[in-house]
Amino acid sequence: MLTYTPDQIRDSRLKPGNTGLVLPVRAAFVILVRNSELHQLRATIRQLEDQFNARHRYPYVFLNDKPFTEEFKRAMEWVTSGDCHFGLVPYEHWSMPPWIDRVRAKWAMTMMGSRVPYGDSESYRKMCRYESGFFFRHPLLDGFDYYWRVEPGVEFTCSIPYDPFKFMVDNNKSYGFAISLREIPVTVKSLWKTTNAFRAAYPDYTAPNNMLRWVTAPDGDYNMCHFWSNFEIASLAFLRSPQYTAYFDFLDRAGGFFLERWGDAPIHSLAVAMFLNKSQVHYFDIGYYHSPFQNCPTDPHFNAQHCFCNSNHSMIYNEDSCTNDWLAL
Ligand SMILES: *[C@@H]1O[C@H](CO)[C@@H](O)[C@H](O)[C@H]1NC(C)=O
Ligand SMILES: *[C@@H]1O[C@H](CO)[C@@H](O)[C@H](O)[C@H]1NC(C)=O
Ligand SMILES: *[C@@H]1O[C@H](CO)[C@@H](O)[C@H](O)[C@H]1NC(C)=O
């Protein structure tokens, strides 16, 4: 087992005004971020607070592979209403594991080069591996049951007049998304084959009433559909489950995080498709923008009252979206 140093887990800044605050759900925002992204994140959190959290005061967990600066921590304390916890990602969770052939991995990155976004980036691959397999194991998340993933630079373009965490609990939901789209095939060349090998090795893990048809093309191959995981509201129990962790370990051994460029989005999505049924998944029709895509509520009345996005630009109208197929399941 990995041991964490006190600095990695104990740097919490609790707000005196939140003493005794009892939240309806043990939930937190989880944000993987660099010190240099302070300004983008400030803008994002300002919107998140205005649109939702100022009325609720859910806490924040900030994670970084480098120690946060005092400047960063102070800026986050100012802009948030909830308590702030600052954690360091351990090296073992942010590196190429020892069983990866480094020469092959370097070669794969060079070959992918600039043909696809982050094709030659090693740190992007480490990030995808971390978001796939490790963030939910950070001790700062131990006390929480649900998380909402936030990234620097995203925008929340509508007020959220209810509590999505409570919605998840009250409706027995395990996974919530806002945008779905299709993956770039060259980044996941062997992911489907590896996933099928996993299913053959662990036949009991596939749920009886699963959503695999949402991700299966007519010819039986992967159709590239996935939930865009930069926005997620989900149950930590789902990621901590024996099914999910066995799936991650299987994929990690296969090496595709580095030998290809497997994203955490298709991995979370294939896990959702295998292990959950449709009633455990929820489409959050909220105002959410992550360049270059957005979800913008199309109900004219709701949009007029709550939003500043143009619903004509919502991803739901984009032919690369898989959300209508998901709704039709
Ligand atoms: C959620 O699950 C509980 C326990 O299985 C059940 O009693 C309840 O009716 C479910 N609620 C909804 C909205 O499905
Ligand atoms: C979905 O899964 C949950 C949890 O395993 C179960 O309670 C529910 O009955 C399932 N619903 C359907 C439609 O299969
Ligand atoms: C959306 O598109 C329709 C049809 O082109 C147009 O009539 C409408 O004004 C547009 N709405 C907005 C908010 O731009």
Side-chain angles (χ1 to χ4, degrees), residues 23-27 47 51 136 144-148 155-180 195 198-199 202-216 225-227 232-248 267-329:
L23 293 163
V25 183
R26 299 201 310 171
Q47 287 188 2
Q51 305 286 33
F136 52 90
F144 298 113
D145 301 324
Y146 288 81
Y147 71 96
W148 178 335
E155 296 193 38
F156 294 93
T157 55
C158 306
S159 62
I160 302 170
Y162 63 98
D163 180 345
F165 289 126
K166 195 162 177 324
F167 176 89
M168 296 288 289
V169 174
D170 290 348
N171 294 282
N172 297 335
K173 302 288 184 190
S174 292
Y175 190 87
F177 70 97
I179 290 174
S180 72
T195 300
F198 168 81
R199 291 185 57 212
Y202 298 86
D204 296 347
Y205 280 173
T206 301
N209 199 354
N210 62 64
M211 289 171 23
L212 280 166
R213 62 201 185 290
W214 181 63
V215 289
T216 309
C225 283
H226 63 282
F227 304 121
E232 276 178 339
I233 299 176
S235 149
L236 285 159
F238 168 64
L239 296 177
R240 292 167 179 152
S241 68
Q243 290 89 327
Y244 185 83
T245 51
Y247 181 50
F248 171 75
I267 287 167
H268 286 192
S269 306
L270 292 178
V272 167
M274 278 188 284
F275 307 139
L276 301 178
N277 60 48
K278 194 191 170 196
S279 66
Q280 294 166 289
V281 180
H282 183 67
Y283 165 44
F284 279 106
D285 187 13
I286 68 165
Y288 176 73
Y289 172 78
H290 179 299
S291 180
F293 301 117
Q294 63 177 299
N295 185 77
C296 178
T298 53
D299 178 81
H301 188 68
F302 182 90
N303 190 296
Q305 279 199 323
H306 293 279
C307 302
F308 60 84
C309 55
N310 181 339
S311 63
N312 284 356
H313 301 157
S314 188
M315 187 69 188
I316 199 97
Y317 298 125
N318 187 312
E319 62 182 21
D320 275 341
S321 166
C322 300
T323 300
N324 284 316
D325 292 340
W326 183 83
L327 290 167
L329 278 184

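Here the structure is a predicted model, which means the values were calculated and not measured. We use all heavy atoms of the structure for the numbers below, so side chains are in, but hydrogens, waters and symmetry mates are not. Numbering of ligands and ligand atoms starts at 1, following listing order.
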Inset, instruction - Classify the angle between the aromatic ring planes of F156 and Y288 as parallel (below 30°), tilted (30 to 60°) or perpendicular (above 60°). - result: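 Aromatic pair F156/Y288 classed tilted.
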Legend entry - Audit row: C309, C158, disulfide bond (SG atoms under 2.5 Å apart) steps and yes/no: CA-CA 7 Å; C309 55; C158 306; 4.0 Å; no
Inset, instruction - Provide the full list of salt bridge (charged side-chain N to carboxylate O under 4.0 Å, His left out) pairs with a residue in residues 161-171, sequence neighbours left out, each pair given once. - result: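 The answer is K166-D170.
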Legend entry - ring-ring contact (aromatic ring centres under 6.0 Å, His included) involving F136 - partner list, sequence neighbours excluded: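 By the ring-ring contact (aromatic ring centres under 6.0 Å, His included) rule, F136 matches Y244.
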Legend entry - Polar side chain donor-acceptor pair, S269 to Y175, under 3.5 angstrom: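 No - no donor-acceptor pair under 3.5 Å links their side chains.
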Inset, instruction - State the atoms of ligand 3, each with its element, that fall below the 4.0 Å cut-off from a heavy-atom position in N310. - result: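 Near N310, the atoms of ligand 3 are 12 (C), 13 (C), 14 (O).
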Inset, instruction - Output all residues satisfying side-chain contact (heavy atoms from CB on, under 4.5 Å) with Q280, sequence neighbours left out; order by chain, then residue number. - result: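 Partners of Q280 under the side-chain contact (heavy atoms from CB on, under 4.5 Å) test: S174, L276, N277.
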Legend entry - Ring centroid separation F177 to Y283 under 6.0 Å: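 Aromatic pair counts; centres sit under 6.0 Å.
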Show the short N or O contacts, below 3.5 Å, that ligand 2 makes with protein N or O atoms; if there are none, say 'none'.
{"from": "ligand 2", "atom 1": "2 (O)", "to": "N277", "atom 2": "ND2", "distance (Å)": "2.3"}
{"from": "ligand 2", "atom 1": "2 (O)", "to": "Q280", "atom 2": "OE1", "distance (Å)": "3.3"}
{"from": "ligand 2", "atom 1": "11 (N)", "to": "N277", "atom 2": "ND2", "distance (Å)": "3.0"}
{"from": "ligand 2", "atom 1": "14 (O)", "to": "N209", "atom 2": "ND2", "distance (Å)": "2.9"}
{"from": "ligand 2", "atom 1": "14 (O)", "to": "N277", "atom 2": "ND2", "distance (Å)": "3.3"}

Legend entry - Numbering as shown, the atoms of ligand 1 that approach D170 to under 4.0 Å (heavy-atom distance):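 Result: 13 (C).
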